[in-house]
> 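Got a structure for you, questions after.
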Amino acid sequence: MIDPLLLRTQLEATAAQLARRGFALDTVALAALEAERKQVQTATQELQNLRNTRSKAIGQAKAKSEDTTALMAEVAGLGDRLKADEQRLGEIQSRLAEIALRVPNLPDASAPEGRDETENVEQRRWGTPRVFDFPVRDHVELGVHDGGLDSEAGARLSGTRFTVLRGGVARLHRALAQFMLDLHTTEHGYTECNVPLLVNPEVMQGTGQLPKFEEDLFATQVGDTRRYLIPTAEVALTNLVRESILEAAALPLRMTAHTLCFRAEAGSGGRDLRGMIRQHQFEKVELVSVVRPVDSAAEHERMTRCAEVVLEQLGLPYRRLLLCTGDMGFAAAKTYDLEVWLPSQNTYREISSCSDCTDFQARRMQARWRNTDSGKPELVHTLNGSGVAVGRALVAVMENYQNADGSITVPEVLRPYMGGAERIG
RNA sequence: GGAGAGGUGGCCGAGCGGUUUAAGGCAGCAGUCUUGAAAACUGCCGUGGGCUCACGCCCACCGAGGGUUCGAAUCCCUCCCUCUCCGCCA
C-alpha cells in the first residue's frame, strides 16, 4: 500500500506517478469519497466526545449522590445517532481501504517509463553463449530418454503444467537447489529458513497477492478455514516481520528459503506449454531482505549480485534487465530481471526477478523498525529476489551443458551434490 | 481431539462497571550530584488516527469480533492464540 496521506494531500501528483506505470487512478471518485470521510469522521468524533464527557459527569454526580436524571436526559438517543455515524464511517473507510489495497507501488524515479516488456532496458551481459557443432536439443527432448523429465506422467496425475522428474535429472534438480541454498547461506550472509507453504489470507494481503490477484493462487478450504499455497517464498519470508517493531541493530535482516511455489498461471494460456518453463508447481530459492529505508537501493544492487553469482558459478550466460514501469510487479518500485541463455530458443529467458518494494509491503504488514535518531517506529523497506528459480535453472543447465549423444555434463560446482558424477543421461 | 490455566504498554504486573487521565516496578532516554562510574533524586517514556499555520485539542486501541449499559480492561456471547497434562500421529 502506498502512503494513504498521498491520496489525501497530493492526489494529482500521485496519480501522475502511477500513470507512469499505466495505472489509472480515479481521482474524482477518490476525492469525493475522501471529502465524505472527513465530514463523517469529524461528526462521529464529536459525538463520541460528547458521550464521553456526559458519561463522566454522570459518574461524578453519582459519586456525590447527586440526581442524574437531567444528565441522563441529555444523552438520550445519543447512542443510536452514534451507532449510525460509526457504521457509516466504517463503510466509507473500508471503501477507501479497498481502493488503496488495489493501488500498485509508486515507481522509483530510476525505473524507465514504458508500456510492456519490450521497453525494458538491458544493463549488462555475462558469459558467451556456447557454439554447438551438433543440432541443439531443447530440455524436453533431452529429458525424454529414460523418462528423466516426464510431462505426460505429470499430466496424468495432476493435469497440464505438472512434470515428473526421475533419476539423474531429478537429482540434478535437487543438486541445484542445494547448491544455491549453500551459496547464499555461507557466502552471501542469508539465514536459511524453512517456512509454511500454506498461509492465511492476511499474509497474502501483506505482500500484495490479495485482494487483487486471487485468481493466480491455489487455495485450500477446510471447514471455514481458507489457506493459500504460496506462489513464492517471498510471501512467507517477508511476512515473518509483520506486525513487529525491529531494533535497528537487527537490520539488515537477510533470509533465504528453498520452497515449492504454486501458481495457477491464470491468463498465461498457451504460453510456454512445452517443457518446464511455466509450471503450476515449481521450486525456487528465494532471497528476502528487510532493511532501513536509506539502505534499500544499495541492498537491491547487492541482492541482484547474489543472484547473478549463482548463474556465474554455474557457468550460465545471462543478462540483466532494468524493468520499465509497465512491466514491474504490483508491489515493486524498481525491479531487475535476470535472463539466462537458452540455446534451444536462441534467446534469454527470465530466471530471476529482484525487486525493491520500498515501504509498500511493510505498510500492509505493519512491519517497522525503531529509528534510533527519532526513537520512533518507522516502516522498514522490503526486498525480494529469486536466487534463482530451480526448475528454470535445470532447463538452462540441461540445454547449455548438453552433449552430442544427448547426455548432460554436470557443472563443476554441482558435482559434490551429485556424488561426484560428471555427466548424466 | 479431551481437560485445565492464561492472553493488559519494550518487559513484569495491579485493576474485575464510574476518582484509570491503565497503578506500581523493571528496562530505556535526558538532567542534577560526582574526578569518573555507581547509587540517589528529578523529568520524559505505547500504537494508530482526526482537526489545526501552529501551540495544542480530540478519537480509537487492554488477544479478535459482536452484545448489555448513560458509561466496559472489568459483565455476557462467539472465535483465535499461548502454556501444562492426556490422546492421536510422520
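Numbers restart at 1 for each chain; the letters A, B, ... are given by sequence-line order, proteins then strands. Since the structure is predicted, the reported quantities are computational estimates derived from the model, not experimental observations. Quick note: numbers below take in every heavy atom, side chains included, and nothing from hydrogens, waters or symmetry partners.
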> Look at A:D150 together with A:R166 and state whether they make a salt bridge at an N to O cut-off of under 4.0 Å.
yes
> For B:C81 versus B:A72, give the span between their C1' atoms, rounded off to a whole number of Å.
23 Å
> Using atom P in both nucleotides, what's the gap between B:C55 and B:C51 to the nearest angstrom?
15 Å
> Please measure how far the P atom in B:G17 lies from the corresponding atom in B:C76, and state the result in whole Å.
11 Å
> Give the ring-plane orientation class for A:F162 versus A:H280, where under 30° counts as parallel, over 60° as perpendicular and anything between as tilted.
tilted
> In B/S/- notation, 5' to 3', how is nucleotides 59-76 of chain B contacted by protein heavy atoms closer than 4.0 Å?
SS-------S-BS-----
> Considering only atom C1', compute the distance from B:C16 to B:G6 and round it to an integer number of Å.
15 Å
> How far, in whole Å, is B:U20 from B:C79 if one measures between their C1' atoms?
29 Å
> Can you check the A:E202 CD to B:C80 P distance for me, whole Å?
14 Å
> Let me know the distance between CD of A:E247 and C1' of B:C29, rounded to the nearest Å.
14 Å
> Calculate the interatomic distance between A:R364 atom CZ and B:G48 atom P; express it in whole Å.
19 Å
> Rounding to a whole Å, what distance do you find between A:Q366:CD and B:U47:P?
12 Å
> Expressed as a whole number of Å, how far does the C1' atom of B:A27 sit from that of B:G48?
24 Å
> Could you write out RNA chain B as dot-bracket? Rules: Watson-Crick or G-U wobble, both distances under 3.5 Å, brackets [ ] for crossings, | for pairs with another strand, dot for unpaired.
((((((((.[[[..)..(.....]]].(((((.......))))).((((((....)))))).[[[[[..)....]]]]])))))))....
> Ring pair (Phe, Tyr, Trp, His ring centres under 6.0 Å), that's the test. Do A:F330 and A:F360 meet it? Break it down for me.
CA-CA 10 Å; A:F330 183 68; A:F360 185 84; 5.4 Å; yes
> For the residue pair A:M72 and A:R54, establish whether any side-chain heavy-atom pair is separated by less than 4.5 Å.
no
> What residue pairs, at least two apart or across chains, pass side chain to side chain donor-acceptor pair (under 3.5 Å) with a residue in residues 240-250 of chain A?
A:N239-A:R242
> Determine the interatomic distance between P on B:C77 and the same-named atom on B:A40; round to the nearest Å.
47 Å
> Both A:Q60 and A:P4 contact RNA chain B. Which one's nearest nucleotide lies toward the 5' end?
A:Q60
> Using a heavy-atom cut-off of 4.0 Å across all strands, would you classify A:R368 as base, sugar-phosphate, or nothing?
sugar-phosphate
> Salt-bridged, A:D80 to A:K83, with N to O below 4.0 Å?
no
> Expressed as a whole number of Å, how far does the P atom of B:C58 sit from that of B:U21?
13 Å
> Would you call A:K284 and A:E286 a salt bridge, taking side-chain N to carboxylate O under 4.0 Å as the test?
yes
> Can you tell me how far P of B:G10 sits from CZ of A:R370, to the nearest Å?
7 Å
> How long is the line joining CZ of A:R227 and C1' of B:C80, in whole Å?
12 Å
> Do the side chains of A:R349 and A:D272 get close enough for a salt bridge, i.e. N-O under 4.0 angstrom?
yes
> Expressed as a whole number of angstroms, how long is the span from A:E243:CD to B:G9:P?
14 Å
> Separation of A:E36 atom CD from B:G50 atom C1', in whole Å?
16 Å
> Can you tell me how the ring of A:H188 sits relative to the ring of A:Y190, calling it parallel under 30°, perpendicular over 60° and tilted otherwise?
perpendicular
> Quick one: is A:R37 getting a side-chain N or O under 4.0 Å of the B:C51 phosphate, OP1 or OP2?
yes
> Below 4.0 angstrom, N of the basic side chain to O of the carboxylate: do A:R320 and A:E339 qualify?
no
